Amino acid sequence: MALIHVDFYAESLDLATSMTVLLPEEGPTPPPVLYLLHGLTDDHTAWTRYTSIERYAADHRLAVVMPQVHRSFYADEAHGLKFWTFLSDELPRVVERFFKVSDRREETFVAGLSMGGYGAFKWALRQPERFAAAASLSGALDVARLQADDDRPHIREVMDRVFAGRDTAGTGDDLFHLLEGADKAALPRLMLRCGTGDYLFEQNERFAHACARAGLPLDSEFEPGGHEWSFWDRHIPRVLDFLMKG
């Protein structure tokens with residue numbers, strides 16, 4: 001695998017930004033591609049620093065794109081930058097321009113952890129035509145609940161900066177609302193994993209129940225584990241297996 005650090009100017013952000021990219025040196029050309037999203041306290045280097053994603057991706061001859069989005073919740077921030085526009089519109093065009101990777105839906109995937117799990121499902125639910133499959137590990141899946149009930153100072157700061165008091169419930173930033181209007185036939189395959197000792201376990205369990213009520217297929221499992229890299233490194237190979245099996 002080639003490990004590439006890319007610094008580039010993003011027009012939607014009006015800012016220079018970065019991404020880490022893994023490219024297979026052998027296999028199909030163009031290779032399938034996974035957009036792999038980071039969590040709230042991480043950056044675009046986290047997956048390669050704390051997991052063996054390079055080795056796992058090599059087994060599948062899979063390109064992996066890991067963008068930098070800071071603490072944005074993959075949204076167009078009220079007091080900040082347009083990270084949703086960057087992610088969902090500009091980033092795929094930049095990747096296509098810089099690298100020879102597949103642009104076919106059946107070979108395009110998205111996944112992430114924590115805030116990135118939320119971002120992955122939001123992208124998949126809002127643009128289902130783009131992805132064959134999506135996965136969330138320990139996702140912060142209920143932003144409306146975080147906004148209303150989580151009084152931790154760093155969460156309050158993020159919610160205030162990103163959403164500026166705008167109630168996200170019932171909007172395009174609310175995954176539960178997106179599930180209600182989802183077209184079962186159009187959705188990508190969805191996978192969810194979360195540890196039973198994770199502080200986000202209850203959100204993930206409710207998301208699984210919401211999918212069941214809506215009749216939307218979801219590959220979900222819960223097992224002992226916390227909000228930690230040992231859990232995510234153990235599960236990311238299983239995520240890749242799920243994504244690629246189609």
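Scope of the values below: all heavy atoms of this structure, side chains included, with no hydrogens, waters or symmetry mates. Keep in mind the model is a prediction, meaning the values are calculated, not measured.
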K.L.:
Quick one: salt bridge (charged side-chain N to carboxylate O under 4.0 Å, His left out) pairs with a partner in residues 68-81, sequence neighbours left out?
P.N.:
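Residue pairs with at least one partner in residues 68-81: Glu77-Arg161.
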
K.L.:
Which pairs count as side-chain hydrogen bond (donor to acceptor under 3.5 Å, both in side chains) when at least one residue sits in residues 124-136, sequence neighbours excluded?
P.N.:
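Those involving residues 124-136 are Trp123-Gln127, Gln127-Arg130.
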
K.L.:
Should Tyr74 and Leu179 be regarded as members of a common hydrophobic cluster, given that ILVMFWY residues are connected when their side-chain heavy atoms come within less than 4.5 Å of each other, either directly or indirectly?
P.N.:
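In one cluster: yes.
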
K.L.:
Taking the side chain as everything from C-beta on, heavy atoms only, tell me whether Leu113 gets closer than 4.5 Å to Trp47.
P.N.:
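Yes; the side chains approach each other to less than 4.5 Å.
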
K.L.:
Side-chain contact test, heavy atoms from C-beta onward, threshold under 4.5 Å: evaluate it for Thr108 versus Asp103 and give yes or no.
P.N.:
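Counting from C-beta outward, Thr108 and Asp103 never come under 4.5 Å.
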
K.L.:
Side-chain contact, heavy-atom cut-off 4.5 Å: Phe8 with Thr17?
P.N.:
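SC-SC contact between Phe8 and Thr17 confirmed.
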
K.L.:
Please determine, by modelled atom types, if Ser18 and Gln68 share a side-chain donor-acceptor pair under 3.5 angstrom.
P.N.:
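Ser18 vs Gln68: no donor-acceptor pair found between side chains.
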
K.L.:
Restricting to salt bridge (Lys or Arg N to Asp or Glu O under 4.0 Å), what partner residues turn up for Arg55, sequence neighbours left out?
P.N.:
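Not a single residue meets the salt bridge (Lys or Arg N to Asp or Glu O under 4.0 Å) criterion with Arg55.
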
K.L.:
Side-chain heavy atoms under 4.5 angstrom apart, residues restricted to Ile, Leu, Val, Met, Phe, Trp, Tyr: same cluster for Val143 and Leu175?
P.N.:
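Shared cluster, yes.
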
K.L.:
As an exercise, state the distance from SG of Cys194 to NE2 of His235, rounded to the nearest 0.5 Å.
P.N.:
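Here the interatomic distance stands at 9.5 Å.
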
K.L.:
So, do Asp7 and His5 sit near enough that their side-chain heavy atoms are less than 4.5 Å apart?
P.N.:
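With C-beta onward as the side chain, the pair touches.
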
K.L.:
Are the side chains of Ser72 and Leu81 in contact, using a 4.5 Å heavy-atom criterion?
P.N.:
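The answer is no, as the side chains (C-beta and beyond) never meet within the 4.5 Å cut-off.
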
K.L.:
Could you tell me whether His60 and Tyr56 have their ring centroids closer than 6.0 angstrom?
P.N.:
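Centroid distance His60-Tyr56: not below 6.0 Å, so no.
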
K.L.:
Can you name the salt bridge (Lys or Arg N to Asp or Glu O under 4.0 Å) partners of Asp149, sequence neighbours left out?
P.N.:
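Counting only residues at least two positions away or on another chain, Asp149 forms a salt bridge (Lys or Arg N to Asp or Glu O under 4.0 Å) with Arg145.
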
K.L.:
If every non-hydrogen atom of Leu146 is compared with every non-hydrogen atom of Ala140, which pair is closest and at what distance?
P.N.:
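What the structure gives for the nearest pair is CD1-CB, 4.1 Å.
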
K.L.:
Heavy atoms, side chains only, cut-off 4.5 Å: are Ser114 and His38 in contact?
P.N.:
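Heavy-atom side-chain distance check fails, nothing below 4.5 Å.
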
K.L.:
Minimum heavy-atom separation for Ala134 to Phe242, with atom names?
P.N.:
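Here Ala134 and Phe242 meet closest at O-CE2, 4.0 Å.
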
K.L.:
Minimum heavy-atom separation for Thr196 and Pro224, please, with both atom names.
P.N.:
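Closest pair (atom of Thr196, atom of Pro224, distance): OG1-CA, 3.4 Å.
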
K.L.:
Do other residues, nucleotides or ligands put more than 12 heavy atoms under 6.0 Å from the CD atom of Glu11?
P.N.:
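No.
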
K.L.:
Count I, L, V, M, F, W, Y as connected when their side-chain heavy atoms are under 4.5 Å apart, and connections chain through other members. Are Tyr50 and Val64 then in the same cluster?
P.N.:
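Yes, because Tyr50 and Val64 connect within a single hydrophobic cluster, where side-chain heavy atoms sit under 4.5 Å apart.
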
K.L.:
Please say yes or no: joined through hydrophobic side-chain contacts below 4.5 Å, possibly via intermediate residues, are Phe131 and Met191 part of one cluster?
P.N.:
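Not linked; separate clusters.
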
K.L.:
Just verifying a value: how many Å separate Leu137 CG and Arg234 CZ, rounded to the nearest 0.5 Å?
P.N.:
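These two atoms lie 10.5 Å from each other.
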
K.L.:
Does Ile53 share a hydrophobic cluster with Val65, counting links as ILVMFWY side-chain heavy atoms below 4.5 Å and allowing steps through other members?
P.N.:
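In one cluster with Ile53: Val65, no.
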
K.L.:
Are Asp14 and Tyr9 linked by a side-chain donor-acceptor pair shorter than 3.5 Å?
P.N.:
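The criterion, which ignores hydrogens and geometry beyond distance, is satisfied for Tyr9 and Asp14.
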
K.L.:
Could you tell me whether the side chain of Gln203 and the main chain of Leu141 form a donor-acceptor pair under 3.5 Å?
P.N.:
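Judged by distance alone, yes, a pair lies under 3.5 Å.
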
K.L.:
Taking 4.0 angstrom as the limit, do Arg93 and Glu96 come out as a salt bridge?
P.N.:
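So Arg93 does not pair with Glu96 through a salt bridge.
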
K.L.:
Please lay out, stage by stage, how Arg238 and Glu223 fare under the test salt bridge (charged side-chain N to carboxylate O under 4.0 Å, His left out).
P.N.:
CA-CA 14 Å; Arg238 304 172 194 179; Glu223 65 178 54; 3.6 Å; yes

K.L.:
I need the minimum non-hydrogen distance between Leu240 and Ala57, along with the two atoms involved.
P.N.:
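Smallest heavy-atom distance, with atoms named: CD1-N, 3.8 Å.
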
K.L.:
Kindly compute the distance separating CD (Gln147) from CG (Asp173), expressed to the nearest 0.5 Å.
P.N.:
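If I round to the nearest 0.5 Å, the distance is 9.0 Å.
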
K.L.:
Taking only residues at least two apart or on different chains, which pairs with a member in residues 183-208 satisfy ring pair (Phe, Tyr, Trp, His ring centres under 6.0 Å)?
P.N.:
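Pairs touching residues 183-208 that pass the test: Phe121-Phe207, Phe176-Phe207, Tyr199-His227, Phe201-Phe222.
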
K.L.:
Identify the heavy atoms of Asp174 and Gly170 that sit nearest to each other, and give their distance.
P.N.:
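That closest heavy-atom pairing would be OD2-N, 2.9 Å.
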
K.L.:
Under the 3.5 angstrom rule, does the side chain of Asn204 hit a backbone N or O of Leu200 as a donor-acceptor pair?
P.N.:
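Confirmed, Asn204 side chain pairs with Leu200 backbone.
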
K.L.:
Can you give me every donor-acceptor pair (side chain of residues 211-220, partner residue at least two apart or in another chain, under 3.5 Å) with its distance?
P.N.:
{"from": "Asp219", "atom 1": "OD1", "to": "Arg193", "atom 2": "NH1", "distance (Å)": "2.9"}
{"from": "Asp219", "atom 1": "OD1", "to": "Arg193", "atom 2": "NH2", "distance (Å)": "2.8"}

K.L.:
What residue pairs, at least two apart or across chains, pass ring pair (Phe, Tyr, Trp, His ring centres under 6.0 Å) with a residue in residues 134-171?
P.N.:
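Those involving residues 134-171 do not exist here.
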
K.L.:
Is there a donor-acceptor contact under 3.5 Å from the side chain of Glu107 to the main chain of Met244?
P.N.:
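It does not hold such a pair.
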
K.L.:
Are any of the side-chain heavy atoms of Thr171 and His177 separated by less than 4.5 Å?
P.N.:
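Thr171 vs His177: side chains apart.
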
K.L.:
List in chain and number order the residues that pass salt bridge (Lys or Arg N to Asp or Glu O under 4.0 Å) with Glu54, two or more places apart in sequence or in another chain; answer none if no residue qualifies.
P.N.:
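Once residues adjacent in sequence are excluded, Glu54 has no partner under the salt bridge (Lys or Arg N to Asp or Glu O under 4.0 Å) criterion.
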
K.L.:
Keeping to residues at least two apart or across chains, list the ring pair (Phe, Tyr, Trp, His ring centres under 6.0 Å) pairs with something in residues 93-120.
P.N.:
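Non-adjacent pairs meeting ring pair (Phe, Tyr, Trp, His ring centres under 6.0 Å): Phe73-Tyr118.
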
K.L.:
Below 30° counts as parallel, above 60° as perpendicular, anything between as tilted: where do the rings of Trp232 and Trp229 land?
P.N.:
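Judged by the thresholds at 30° and 60°, the geometry between Trp232 and Trp229 is perpendicular.
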
K.L.:
Applying salt bridge (Lys or Arg N to Asp or Glu O under 4.0 Å), can you list everything that pairs with Arg206, at least two apart in sequence or on another chain?
P.N.:
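Checked Arg206 against salt bridge (Lys or Arg N to Asp or Glu O under 4.0 Å); matches are Asp142, Glu202.
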
K.L.:
Rounded to the nearest 0.5 Å, how far does CG of Asp160 lie from CZ of Arg166?
P.N.:
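CG of Asp160 is found 12.5 Å from CZ of Arg166.
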
K.L.:
Would Ser138 and Asp198 count as having a side-chain donor-acceptor pair, cut-off 3.5 Å?
P.N.:
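Their side chains do contain a donor-acceptor pair, which is all the 3.5 Å distance test asks for.
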
K.L.:
Is Glu90 reaching over with its side chain to a backbone N or O of Thr85, donor-acceptor style, under 3.5 angstrom?
P.N.:
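Pair absent, no side-chain N/O of Glu90 close to backbone of Thr85.
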
K.L.:
Looking only at heavy atoms, what is the nearest atom pair of Val101 and Ala63, with distance?
P.N.:
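Residues Val101 and Ala63, closest heavy atoms: CG1-CB, 3.9 Å.
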
K.L.:
Walk me through whether Asp150 and Arg156 qualify under salt bridge (charged side-chain N to carboxylate O under 4.0 Å, His left out).
P.N.:
CA-CA 7 Å; Asp150 196 322; Arg156 292 266 51 84; 5.7 Å; no

K.L.:
Return all side-chain donor-acceptor pairs below 3.5 angstrom for residues 19-37, not counting sequence neighbours, or 'none' if the list is empty.
P.N.:
{"from": "Thr20", "atom 1": "OG1", "to": "His44", "atom 2": "O", "distance (Å)": "3.2"}
{"from": "Thr20", "atom 1": "OG1", "to": "His44", "atom 2": "ND1", "distance (Å)": "2.9"}
{"from": "Glu25", "atom 1": "OE2", "to": "Ala2", "atom 2": "N", "distance (Å)": "3.4"}

K.L.:
At what distance, to the nearest 0.5 angstrom, does NE2 of His70 lie from OG1 of Thr41?
P.N.:
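If we round to the nearest 0.5 Å, His70:NE2 and Thr41:OG1 are 14.0 Å apart.
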
K.L.:
With sequence neighbours left out, which residue pairs that include part of residues 27-49 fulfil the salt bridge (charged side-chain N to carboxylate O under 4.0 Å, His left out) condition?
P.N.:
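Listed by first then second residue: nothing to list.
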
